[in-house]
K.L.:
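Sharing a structure here in structure tokens format.
Small disclaimer: the values here were computed from a predicted structure and weren't measured. Computed over heavy atoms, backbone and side chain alike; hydrogens, waters and symmetry mates excluded. Order of the sequence lines sets the chain letters (A, B, ...), proteins ahead of strands, with each chain counted from 1.
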Amino acid sequence: MRAAVQRRTSVAHTAMPYTPREIEPKWQARWMSERAFATDHDPNKPKFYVLDMFPYPSGAGLHVGHCEGYTATDVLARYKRAKGFRVLHPMGWDAFGLPAEDFAIKFGVHPHDRTQETIANFKRQINALGFSYDWEHEVDTTDPNYYRWTQWIFLQLFKKGLAFQDEIAVNWCPALGTVLANEEVKNGRSERGDHPVERVMLRQWMLRITAYADRLLDDLEGLDWPTSTMTMQREWIGRSEGAEITFATEIAGEAITVFTTRPDTLFGATYMVLAPEHPLVGKLTTDAQRAAVEQYVSVAKNKSDRERQEALGAKKKTGVFTGSFAINPVNGAKVPVWIADYVLWGYGTGAIMAVPAHDQRDYDFAQAFSLPIVQVIAPKGGGAMPEKSAYEVSGDDAVLVNSGAFTALTSGEAKKRIVAELAAKSVAKPTVNYKLRDWVFSRQRYWGEPIPIYFPVEMQDPSGDPRKGDAHTIRYDQPIAVSEDELPLRLPPTTDFKPSGDPLGPLAKLKDWRFFQKDGRWYARETNTMPQWAGSCWYYLRFTDAQNAERIFSPDREQGWMNVDLYVGGAEHAVLHLLYARFWHKVLYDLGVVTTKEPFAKLRHQGMVLGEVEYTGWKVDGEWISAKNVGDELDPIEERPGIWASVKNSKSIAQAQKLSESQVKKAGEGFALVDELTTMVDARAHKMSKSRGNVINPDDVVAEHGADALRAYEMFMGDFEQAKPWDTRAIRGITRFVNNVWSVVFEPKEAEGDQHLKLRHKTIKAVGDRIETFKFNTAIAALMEYVSALQAKGSVKADREALVQLVAPFAPHLAEECWEQLGHAGLLCKAPWPTFEEALTIDDVLVIPVQVSGKMRGTVEVPRDATEELVKERALAMDTVQNALIGKTLVKVIWVPGKMLNLVVK
RNA sequence: GCCCGCGUAGCCCAACGGUAGAGGCAGGGGAUUUAAAAUCCUCAGAGUGCGGGUUCGAGUCCCGCCGCGGGCACCA
């Protein structure tokens with residue numbers, strides 16, 4: 001009998017189990033068939049444009065890091081829809097770029113085909129997570145209907161003189177077969193692939209982003225962006241105010257102009273330095289010095305950025321004297337002119353006045369070559385000067401010394417006066433400089449947007465054919481825009497994508513495409529393509545009207561949706577993508593194509609999702625050593641058994657040994673071997689990487705726990721913007737939570753009366769507030785509390801409905817299934833957000849902490865509107881308070897209404 | 001070297017300047033089970049990296065350090 005009852009109970013449980021594997025596809029299919037997330041363009045509703053940084057669809061598929069950002073935007077999108085907003089929540093593909101092309105070279109699959117495969121896989125993964133994207137607004141940067149407009153924008157840049165060609169020293173990466181933007185080079189190596197980069201002179205397309213430097217800087221003001229990102233953009237633009245000052249030389253008619261931010265230190269300029277590339281180098285070099293100078297210049301020019309970097313690390317400065325002198329315009333002093341590669345040709349005028357007393361770099365150089373150091377600035381009101389370094393203080397805290405008529409002025413005042421005096425003699429002018437350089441916009445690869453430009457071809461023999469290799473000259477100096485009605489200029493089909501080492505790129509090999517005849521004349525197309533950044537510079541605009549076949553987008557749509565209300569993506573794009581997109585946006589604004597000055601009103605970066613916490617012990621020759629004796633990790637080598645590192649203060653190599661939790665024990669601040677408590681081990685989470693083997697694949701998590709659990713877990717892990725480790729065990733907590741929500745709805749326990757009324761209203765308020773403030777982890781914590789209460793004490797229907805609605809943004813499939821169970825025929829994602837009454841979120845009885853001189857002595861329970869008198873009276877009635885008052889005099893009472901009481905005694 | 005962020009129970013993380021604990025993981029005990037898993041109940045656990053300061057009161061604000069992570073790096 002008993003067994004029979006048991007069985008029946010267990011049957012009742014299994015009759016309606018929570019099976020994400022079934023309900024998730026069910027609701028995904030329903031959402032799709034009902035076009036549940038089709039964008040509502042109703043202008044009478046408030047708008048909310050919530051955007052993810054669209055991904056490059058890599059072959060590796062979606063990453064749990066993507067999921068975090070996409071879940072956050074999806075939570076907001078679903079929440080805002082429920083709050084009555086019309087929401088634009090699109091997704092697309094930043095699909096041009098090197099990996100597909102490299103894959104093509106390796107496996108012979110056309111980049112287009114490969115890209116479509118990887119897009120399909122990404123889309124499958126995204127849909128499996130139940131994100132509410134409107135695929136009717138999808139864009140693909142490699143689609144000719146999209147890049148047609150990327151090319152159109154390029155032509156507008158060209159017509160405005162913002163796209164131009166230049167012969168410049170570029171970062172040529174032989175391994176990648178292309179040039180790279182300055183931004184794509186780190187420590188003299190390519191950011192992508194970590195290959196060496198060389199400096200070579202090449203004809204390049206450039207975009208004049210520097211013309212927008214001030215606006216890119218000024219318009220940051222007022223954006224709701226992370227301060228760190230704003231700071232990085234400001235520093236990247238690097239606006240710096242100073243003056244250009246001209247020094248006469250010994251050669252008539254040849255003067256050296258320098259840029260300085262410290263004209264107040266002019267009396268301390270004891271030598272000058274020209275960059276090795278400076279055009280005056282040859283003229284100023286004396287015969288006696290010529291051999292040495294030529295030697296130095298040729299070495300410097302061939303130095304890779306990597307080598308320059310290493311020289312910087314060593315703090316060793318190199319240089320050579322030209323043999324000639326310049327005249328300091330402020331005091332007529334003769335100063336020697338040197339050449340050194342610590343002066344950059346690309347910044348300012350490529351020449352400096354060196355003030356070793358007040359600039360550390362000049363100081364180091366002067367020390368190395370025994371050049372004079374003259375102090376001209378001192379701390380205001382006396383004070384210590386550094387003994388072995390430059391004194392770099394300026395402004396009102398520093399005054400001039402040894403500076404003729406300007407002595408005793410503050411540094412700030414002297415800057416103005418000296419420039420004014422020299423300006424009157426036309427040897428100085430106030431100048432602003434930027435670190436920002438113009439943007440190198442051409443790439444020598446196949447898989448990118450063709451640049452819609454062609455050039456006249458001059459044939460040596462007028463009847464010759466350049467396609468056959470007949471002698472000809474391409475007039476690169478006469479670029480012609482492809483007519484707008486001929487766009488898109490399609491990428492020609494080919495099977496040969498291999499970079500040839502030829503800076504013209506693979507397209508140059510397609511002679512039938514490259515050369516064409518018009519009105520009896522030959523022309524040659526530009527064979528470089530655009531960089532991957534191009535497509536992402538304006539995709540957020542196309543999203544508003546992705547299927548428009550006639551124009552880039554309709555003005556109605558642009559005005560109806562821009563600017564982006566919330567933009568979410570990785571901090572790695574803090575400078576590059578965000579700066580480039582802002583630049584294009586401003587150009588489009590000037591053209592009247594868009595109506596907002598800035599594209600992204602609010603920006604948030606998701607924190608990195610790290611791998612699981614790992615315990616790592618270190619061994620040298622089979623013996624354990626403490627982790628603190630281990631130096632830097634060595635460069636990763638594929639397929640090695642452990643990770644290797646140098647050992648501090650020795651030539652030994654340590655090998656990493658992965659340890660299980662049972663092999664380690666907490667010891668003081670860190671962890672040690674359980675058998676050897678003095679040997680410390682590393683306990684930390686590492687970045688997910690293939691080589692470390694700690695990558696979590698979302699597909700696996702969905703298969704095991706379901707999409708809702710993955711979504712909710714990603715939101716629960718910790719602060720959205722902070723890095724946090726993955727914890728496979730901790731997902732269980734979320735799985736339990738999801739199950740609990742399920743059982744509250746499917747195995748309801750009726751409560752006697754609406755006993756959760758206040759908790760319900762508090763929870764509705766809390767979840768809404770926390771979604772809006774990006775505190776998703778605490779929103780879920782509030783829901784966990786609520787669900788626990790409903791499980792423990794039973795619920796009424798209003799509880800169950802509120803719970804399901806509040807859970808919906810995080811676990812939408814579960815919520816839809818529950819909503820249906822609660823008797824609703826329509827979709828939950830179409831239902832309005834629950835409301836709360838403020839009065840019901842406030843407690844009637846308060847527990848007031850009582851302190852005596854700041855120390856906790858207990859609490860008193862009082863009505864919500866209790867006065868100070870009442871609380872004080874009850875507090876004084878407590879023994880713990882009385883004991884603390886013995887022998888003391890009450891001098892002050894701090895009463896924070898509704899919060900706490902503090903009795904201050906002496 | 002400079003800039004930014006972060007250091008709170010074994011772990012992940014909460015906490016308008018006002019009772020250090022919301023939530024989760026792991027752990028102990030118990031219930032259920034032939035057993036295990038799952039589930040439920042329950043218990044315990046830190047004084048907030050270190051040193052100063054401001055305050056009636058500091059995890060929170062200020063100063064100086066240490067550690068971790070990220071970014072920048074000869075920009076005159």
K.L.:
Using whole Å, report how far CG of L890(A) lies from P of C56(B).
P.N.:
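In whole Å, C56(B) P lies 15 Å from L890(A) CG.
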K.L.:
Nearest whole angstrom, please: distance from the C1' of G71(B) to the CG of L579(A).
P.N.:
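Answer to the nearest Å: 15 Å.
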K.L.:
State which of C72(B), G23(B), U19(B) makes the closest approach to the side chain of V847(A).
P.N.:
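Out of C72(B), G23(B), U19(B), the nucleotide with an atom closest to V847(A)'s side chain is U19(B).
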K.L.:
For G28(B) versus A44(B), give the span between their P atoms, rounded off to a whole number of Å.
P.N.:
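Pairwise P distance, G28(B) against A44(B), rounds to 16 Å.
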K.L.:
In terms of side-chain heavy atoms of T778(A), which of G57(B), A22(B), A76(B) is nearest?
P.N.:
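Closest of the options to the side chain of T778(A): A22(B).
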K.L.:
Identify every side-chain donor-acceptor pair in residues 892-903 of chain A under 3.5 Å, counting partners at least two apart or on other chains, and give the distances.
P.N.:
{"from": "N902(A)", "atom 1": "OD1", "to": "S853(A)", "atom 2": "N", "distance (Å)": "3.3"}
{"from": "N902(A)", "atom 1": "OD1", "to": "G854(A)", "atom 2": "N", "distance (Å)": "3.0"}

K.L.:
Give the table of side-chain donor-acceptor pairs shorter than 3.5 Å for residues 779-792 of chain A, with sequence neighbours excluded, one pair per line with atom names and distance.
P.N.:
{"from": "Y786(A)", "atom 1": "OH", "to": "D799(A)", "atom 2": "OD1", "distance (Å)": "2.7"}
{"from": "S788(A)", "atom 1": "OG", "to": "M784(A)", "atom 2": "O", "distance (Å)": "2.9"}
{"from": "Q791(A)", "atom 1": "NE2", "to": "N740(A)", "atom 2": "OD1", "distance (Å)": "3.4"}
{"from": "Q791(A)", "atom 1": "NE2", "to": "S743(A)", "atom 2": "OG", "distance (Å)": "3.2"}

K.L.:
I want to confirm an ordering. Mapping I352(A) and T859(A) to their closest nucleotides on RNA chain B, which one lands closer to the 5' end?
P.N.:
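This one resolves to T859(A).
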K.L.:
Considering non-hydrogen atoms only, spot the tightest contact between K872(A) and L890(A) and give its length.
P.N.:
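The answer is CE-CD2, 4.2 Å.
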K.L.:
Is any side-chain nitrogen or oxygen of K666(A) closer than 4.0 Å to OP1 or OP2 of C11(B)?
P.N.:
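Yes, because at least one side-chain N or O of K666(A) sits under 4.0 Å from OP1 or OP2 of C11(B).
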K.L.:
At what distance, to the nearest 0.5 angstrom, does NE2 of H686(A) lie from OG1 of T616(A)?
P.N.:
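Reported to 0.5 Å precision, the distance equals 5.0 Å.
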K.L.:
If the P atom of C4(B) is compared with that of G51(B), how far apart are they to the nearest Å?
P.N.:
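Per the computed distance, 25 Å lies between those P atoms.
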K.L.:
Taking A20(B) as the reference, what is the distance to G47(B) when you measure between their P atoms (whole Å, please)?
P.N.:
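It comes out at 14 Å once rounded to the nearest Å.
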K.L.:
Quick one: is G70(B) close enough that its OP1 or OP2 comes under 4.0 Å of any side-chain N or O from K687(A)?
P.N.:
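Result: yes.
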K.L.:
Could you give the CG-to-P distance, from N777(A) to A22(B), as a whole number of Å?
P.N.:
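Going from CG in N777(A) over to P in A22(B) covers 16 Å.
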K.L.:
To the side chain of R736(A), which of A26(B), C56(B), A22(B) is closest?
P.N.:
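Closest of the options to the side chain of R736(A): A26(B).
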K.L.:
Examine F365(A) together with Y363(A) and report whether their ring centres are nearer than 6.0 Å.
P.N.:
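Judged by ring-centre distance (under 6.0 Å), F365(A) and Y363(A) do not meet the cut-off.
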K.L.:
Let me spell it out: for each of G854(A) and T261(A), pick the nucleotide of RNA chain B with the closest heavy atom. Which residue's pick is nearer the 5' end?
P.N.:
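Closer to the 5' end of RNA chain B: G854(A).
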K.L.:
Establish, from distance only, whether the side-chain atoms of D727(A) and Y713(A) form a donor-acceptor pair under 3.5 Å.
P.N.:
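Their side chains do not contain a donor-acceptor pair, so the 3.5 Å distance test is not met.
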K.L.:
Given A22(B), C16(B), A76(B), identify the nucleotide with an atom nearest to the side chain of A781(A).
P.N.:
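Within the option list, the nearest is A22(B).
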K.L.:
May I ask you to say what T260(A) touches in the nucleic acid, namely base, sugar-phosphate or nothing, with a heavy-atom cut-off under 4.0 Å?
P.N.:
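Here T260(A) touches the backbone only, sparing every base.
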K.L.:
Would you indicate what T229(A) reaches in the nucleic acid, counting non-hydrogen atoms under 4.0 angstrom: base, sugar-phosphate, or nothing?
P.N.:
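Here T229(A) touches no strand at all.
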K.L.:
Rounding to a whole Å, what distance do you find between H577(A):NE2 and G71(B):P?
P.N.:
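It works out to 18 Å between those atoms.
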K.L.:
Rounded to whole angstrom, note down the P distance from A58(B) over to C50(B).
P.N.:
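Roughly 15 Å separates the two P atoms.
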K.L.:
Does Y347(A) make a side-chain N or O approach to OP1 or OP2 of A76(B) shorter than 4.0 Å?
P.N.:
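Y347(A) to A76(B) OP1/OP2: side-chain N or O found under 4.0 Å.
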K.L.:
Round to the nearest Å and state the distance from M608(A) atom CE to G71(B) atom C1'.
P.N.:
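In whole Å, G71(B) C1' lies 11 Å from M608(A) CE.
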K.L.:
Does K775(A) put a side-chain nitrogen or oxygen below 4.0 Å from OP1 or OP2 of A15(B)?
P.N.:
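Looking at the OP1 and OP2 atoms of A15(B), one of them is under 4.0 Å from a side-chain N or O of K775(A).
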K.L.:
In whole Å, measure the gap between the P atoms of C13(B) and G53(B) for me.
P.N.:
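C13(B) and G53(B) have their P atoms separated by 32 Å.
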K.L.:
Name all residues meeting the ring pair (Phe, Tyr, Trp, His ring centres under 6.0 Å) criterion together with F247(A); count only those two or more places apart in sequence or in a different chain, and write none if there are none.
P.N.:
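Testing F247(A) for ring pair (Phe, Tyr, Trp, His ring centres under 6.0 Å), a comparison that skips the adjacent residues, returns none.
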K.L.:
Does Q360(A) contact G1(B) through a side-chain donor or acceptor facing the base, at a distance under 3.5 Å?
P.N.:
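Under the 3.5 Å cut-off, the side chain and the base do not form any donor-acceptor pair.
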K.L.:
Work out how far the C1' atom of A14(B) is from that of G24(B), and round it to whole angstrom.
P.N.:
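Nearest-Å result for A14(B) against G24(B) at atom C1': 11 Å.
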K.L.:
How is E785(A) classified with respect to the nucleic acid when contacts are heavy atoms under 4.0 Å: base, sugar-phosphate, or nothing?
P.N.:
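Sugar-phosphate contact only - E785(A) comes under 4.0 Å of backbone atoms but never of a base.
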K.L.:
Classify the glycosidic conformation of G53(B) as syn or anti, calling it syn when the angle lies within 90° of 0.
P.N.:
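With its glycosidic angle more than 90° from zero, G53(B) counts as anti.
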K.L.:
Let's see if you can work this out: which of G18(B), G23(B), A20(B) has an atom nearest to the side-chain heavy atoms of V896(A)?
P.N.:
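The closest nucleotide is G18(B).
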K.L.:
Which parts of residues 725-732 of chain A get close to RNA chain B, meaning a heavy atom less than 4.0 angstrom away?
P.N.:
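Output list: P725(A), R729(A), A730(A), R732(A).
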K.L.:
Work out how far the P atom of G52(B) is from that of C40(B), and round it to whole angstrom.
P.N.:
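Taking atom P in both G52(B) and C40(B), they lie 47 Å apart.
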K.L.:
Going from NZ on K665(A) to CG on L673(A), what distance comes out if it is rounded to the nearest 0.5 angstrom?
P.N.:
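Those atoms lie 12.5 Å apart.
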K.L.:
Would you mind writing out the side-chain donor-acceptor pairs for residues 262-276 of chain A within the sub-3.5 Å range, not counting sequence neighbours?
P.N.:
{"from": "R262(A)", "atom 1": "NE", "to": "D264(A)", "atom 2": "OD1", "distance (Å)": "3.1"}
{"from": "R262(A)", "atom 1": "NE", "to": "D264(A)", "atom 2": "OD2", "distance (Å)": "3.3"}
{"from": "R262(A)", "atom 1": "NH1", "to": "E392(A)", "atom 2": "O", "distance (Å)": "3.4"}
{"from": "R262(A)", "atom 1": "NH2", "to": "D264(A)", "atom 2": "OD2", "distance (Å)": "3.0"}
{"from": "R262(A)", "atom 1": "NH2", "to": "V393(A)", "atom 2": "O", "distance (Å)": "3.2"}
{"from": "D264(A)", "atom 1": "OD2", "to": "S411(A)", "atom 2": "OG", "distance (Å)": "2.8"}
{"from": "T265(A)", "atom 1": "OG1", "to": "R262(A)", "atom 2": "O", "distance (Å)": "2.7"}
{"from": "T270(A)", "atom 1": "OG1", "to": "P372(A)", "atom 2": "O", "distance (Å)": "2.8"}
{"from": "Y271(A)", "atom 1": "OH", "to": "Y342(A)", "atom 2": "OH", "distance (Å)": "3.4"}
{"from": "Y271(A)", "atom 1": "OH", "to": "D362(A)", "atom 2": "O", "distance (Å)": "2.9"}

K.L.:
When you measure from the side chain of W236(A), which nucleotide among C56(B), C74(B), C72(B) comes out closest?
P.N.:
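From the listed options, C72(B) comes nearest.
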K.L.:
If we only count heavy atoms from C-beta on, is the L579(A) to L436(A) side-chain gap below 4.5 Å?
P.N.:
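Yes; the side chains approach each other to less than 4.5 Å.
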K.L.:
Which nucleotide wins on minimum distance to the side chain of P849(A), given the candidates G24(B), C56(B), U19(B)?
P.N.:
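Nearest to the side-chain atoms of P849(A), counting from C-beta on, is U19(B).
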K.L.:
Measure from CE on M900(A) to C1' on A58(B) and round the result to the nearest Å.
P.N.:
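That distance rounds to 13 Å.
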K.L.:
In whole angstrom, what separates E721(A)'s CD from C12(B)'s C1'?
P.N.:
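Answer to the nearest Å: 18 Å.
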K.L.:
Using a heavy-atom cut-off of under 4.0 Å over every strand shown, decide if F671(A) touches base, sugar-phosphate, or nothing.
P.N.:
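Here F671(A) touches the backbone only, sparing every base.
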K.L.:
C13(B) base to K724(A) side chain: any donor-acceptor pair below 3.5 Å?
P.N.:
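When only heavy-atom distances are counted, K724(A) does not reach the base of C13(B) through any donor-acceptor pair under 3.5 Å.
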K.L.:
Pick base, sugar-phosphate or nothing for D719(A), based on heavy-atom distances below 4.0 Å to the nucleic acid.
P.N.:
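Sugar-phosphate only.
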K.L.:
Do other residues, nucleotides or ligands put more than 12 heavy atoms under 6.0 Å from the NZ atom of K666(A)?
P.N.:
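Result for NZ/K666(A): enclosed.
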K.L.:
Does N740(A) put a side-chain nitrogen or oxygen below 4.0 Å from OP1 or OP2 of C40(B)?
P.N.:
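Yes.
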K.L.:
Calculate the interatomic distance between H686(A) atom NE2 and G70(B) atom P; express it in whole Å.
P.N.:
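To the nearest whole Å, that distance equals 10 Å.
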K.L.:
Counting C-beta onward and ignoring hydrogens, is there a side-chain heavy-atom pair between I245(A) and P329(A) closer than 4.5 Å?
P.N.:
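Yes, close enough: below the 4.5 Å cut-off.
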K.L.:
Suppose you measure atom P in U60(B) against the same atom in U8(B); what distance do you get, rounded to whole Å?
P.N.:
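Rounded to whole Å, the distance is 13 Å.
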K.L.:
Quick one: what's the B/S/- string for nucleotides 2-9 of chain B, heavy-atom cutoff under 4.0 Å, read 5' to 3'?
P.N.:
-SSSS---
